[in-house]
Amino acid sequence: MGSTSEENPGSHHTAGGVGRRDLIKRSAALGLASVPAMGLLSACASGGGDDSGDGNTKGKATKDNPFGAQKGSKLDVVIFKGGYGDDYAKAWEADFQKKLGVSSTHTGTQEITGKLQPRFNAGNPPDIVDDSGAQKIKIDVLYKNGQLLDLAEVLDAPSVDDPSKKVRDTLIPGTLDPGLQEGKVVALNYIYTVWGLWYSGKLFKEKGWEEPKTWDDFLAICKDAKSQGIGGLAHQGKFPYYINVAIMDLIAKKGGLDAMKAIDNLDPKAFVGSDAAQAGVEAIYEVVEKGYLMPGTNGLTHTESQTRWNQYKAAFITCGSWLENEQLKQTPADFDMKFMPMPNLPGSKLPFEAIRAGSGEPFIIPAKAKNLSAAKEFMRRMLSREWSTMFAKEANSLTILKDGVDPGVQLRPGTQSTVEVSKAAGDNTFRYLYTEWYGEMDTEIQNASNELMAKRIQPKEWLKRAQAAVDKAAKDPASKKNHRD
């Protein structure tokens, strides 16, 4: 979600960004343009595999099974069962058993930390984990404890679809970046994700509202909504991660990539002394002060708040592109879910079309996995066109594989709108990395946002707390190993 360095500034191609050519190709694969389906190429990979001693789970390496996944062995798979469900993983596991004779024990849960922390502590972790959701184990913590496998071997293995290419060369540029710790990819963020604002096309049509491109237009809709007994902005109050989507998007769009990189690079003026940071947090606080928040939203979980938004109790909500899947059962058939970029503050350096985009949903292989060879082969196959298409069908979402989805897959309206917004953004994408690099700093900024939304602190105090979190992270000598140019 690679390298974290940016190409020349004039190209507007950010780390975590996506090249225009790749977006056009990707749009084609999703039926926005016609493109012939790629034929399955015969595998001609060299054998090899690793010698890291998998005990009795290491089989013979072949061109179709370069890591030597052992027939008859078992793979322990744990999947975060959130917005994307876990049916896609069950489909993968069935295919893995059919083709390689490796069966799986499958756990689908939202309690990743509760179920897995004791297992990591005891040296008995699963073989592969989708470490996501509100209760995920922070990647930087696992990495510092030496509990994650460096995924270079998987990424340098031959691609299932075209063995003349390495797996890493088949991925959308920048999508490996969020899995980096000190220059090593230790988490594979699998899902191509966008973050921003969502609204109901039906509600907007009924009210005569148009998608707001400026913050002033956004506030005008919130004001009109309030006058009609509708909340302007809903947010998932118990999880301030979500309102930080809005705050951090506003900062990046106002101050450009330099304002974003100042935060990731732990600049002493990342927040206090940054005009963009001040403008961003003041803009969100104005929503609070004017009473434009959906009543009660501060005390709600993500699904409770999103469900009220589905009931037309708010005009907007902030979220990533998993929202549609998470709300399938609560969304009226004619709701017409729409995604849009964060509206621009006056004098913003990035255009309205710019969006936060990259990859989400980190998959990890624990260093002490019992069946390492099968775990590595399973991850290699996740990055095949066949498994990527299975994921799109089951989870209504895109993966980080270039042209990874068969053109016949029909996406739902909200997800289709994310594809169109991504196409309009072109190379104008950005993606913060501090959330993966500095888990404690991320938590402290979220805590400050929680206080801000409840009007217990003002923007000036929020900036002070956010800067204190940055300064604290900068004191850790390990932080020098993470840097964006």
Side-chain angles (χ1 to χ4, degrees), residues 30 80-88 110 130 132-136 189-204 211-212 218 230-249 293-294 297 300-343 355-362 391-399 410-422 424-425 429 431-432 435 446:
L30 292 163
F80 170 67
K81 194 173 179 179
Y84 303 109
D86 63 346
D87 287 346
Y88 68 87
Q110 294 206 1
D130 169 15
S132 195
Q135 299 174 57
K136 70 181 180 185
N189 280 44
Y190 184 70
I191 300 173
Y192 184 71
T193 307
V194 297
W195 293 261
L197 272 182
W198 296 77
Y199 64 91
S200 157
K202 179 190 178 185
L203 182 67
F204 268 50
E211 190 174 277
F218 169 80
I230 302 168
L233 178 68
H235 79 110
Q236 302 82 335
K238 286 196 173 174
F239 299 111
Y241 160 89
Y242 293 89
I243 199 63
N244 277 358
V245 169
I247 296 171
M248 294 296 174
D249 276 15
L293 285 184
M294 179 180 78
T297 196
L300 301 179
T301 65
H302 56 308
T303 48
E304 288 167 347
S305 201
Q306 290 159 193
T307 298
R308 293 197 193 179
W309 170 73
N310 279 143
Q311 295 162 348
Y312 308 107
K313 290 178 181 171
F316 298 100
I317 196 163
T318 57
C319 201
S321 44
W322 58 86
L323 176 66
E324 185 171 40
N325 299 328
E326 198 159 57
Q327 294 302 113
L328 278 182
K329 289 177 182 162
Q330 288 75 31
T331 306
D334 59 351
F335 188 81
D336 190 21
M337 199 177 285
K338 298 275 190 194
F339 171 78
M340 65 170 284
M342 202 59 59
I355 50 169
R356 190 191 308 205
S359 55
E361 210 79 7
F391 178 83
K393 277 181 183 161
E394 296 290 347
N396 178 44
S397 196
L398 316 181
T399 73
Q410 290 298 305
L411 298 170
R412 296 189 183 97
T415 300
Q416 187 60 40
S417 84
T418 69
V419 173
E420 284 153 19
V421 170
S422 295
T429 64
R431 170 76 156 94
Y432 287 93
T435 48
Q446 287 187 37

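- A donor atom on one side chain and an acceptor atom on the other are found under 3.5 Å apart for Asn310 and Gln327.
- Looking only at distances, no side-chain donor or acceptor of Thr297 sits under 3.5 Å from a matching main-chain atom of Ala234.
- Using modelled atom types, one finds a donor on one side chain and an acceptor on the other under 3.5 Å when comparing Glu361 with Ser132.
- Two residues are said to be in side-chain contact when any heavy atoms from C-beta on lie closer than 4.5 Å; Asn244 and Thr435 fail this criterion.
- Under the 4.5 Å side-chain criterion, counting only non-hydrogen atoms from C-beta, Lys202 is in contact with Tyr312.
- Note: Tyr84 OH to Asn396 CG = 9.0 Å, rounded to the nearest 0.5 Å.
- We find the CZ-CE distance between Phe218 and Met342 to be 7.5 Å, quoted to the nearest 0.5 Å.
- Within the 4.5 Å cutoff, the side chain of Met340 has no heavy atoms near those of the Val421 side chain.
- Judged by distance alone, with hydrogens and angles left aside, the side-chain atoms of Ser397 form no donor-acceptor pair with the main-chain N or O of Ala395 at under 3.5 Å.
- Residues Ala357 and Val194 come closest through the heavy atom pair CB-CG1, 3.9 Å.
- Rounding to the nearest 0.5 Å places CH2 of Trp195 at 7.0 Å from CZ of Arg356.
- Looking at Lys238 and Ser305, their side chains never come closer than 4.5 Å, going by heavy atoms from C-beta outward.
- Summarising the geometry of Ala425 relative to Thr429, their closest heavy-atom pair is CB-CG2, 4.3 Å, with the distance given to 0.1 Å.
- Contact check for Trp322 versus Thr193: side-chain heavy atoms found under the 4.5 Å cut-off.
- Once rounded to the nearest 0.5 Å, the distance linking CZ of Phe80 with CG of Asp86 reads 10.5 Å.
- How far CD of Glu211 is from CZ of Phe339: 9.5 Å, rounded to the nearest 0.5 Å.
- In this structure, Cys319 and Trp198 approach most closely via the heavy-atom pair O-NE1, 3.2 Å.
- Minimum heavy-atom separation, Asp336 to Pro413: OD1-CB, 4.4 Å.
- Within the 4.5 Å cutoff, the side chain of Leu197 has no heavy atoms near those of the Asp249 side chain.
- Side chains of Thr415 and Glu324: a donor on one and an acceptor on the other come within 3.5 Å.
- In this pair, Phe391 and Tyr190 present their aromatic rings perpendicular. The plane angle is above 60°, beyond the 30 to 60° band.
- The backbone N or O of Ser359 sits less than 3.5 Å from a side-chain atom of Arg431, completing a donor-acceptor pair.
- For the residue pair Met248 and Tyr432, the shortest heavy atom distance occurs at O-OH, 2.7 Å.
- Tyr192 OH to Ser422 OG: the interatomic distance, rounded to the nearest 0.5 Å, is 4.0 Å.
- Judged by distance alone, the side chains of Gln306 and Gln236 do bring a donor and an acceptor atom under 3.5 Å apart.
- Scanning both residues, Leu411 and Leu398, for their nearest heavy atoms gives CD1-CD2, 3.9 Å.
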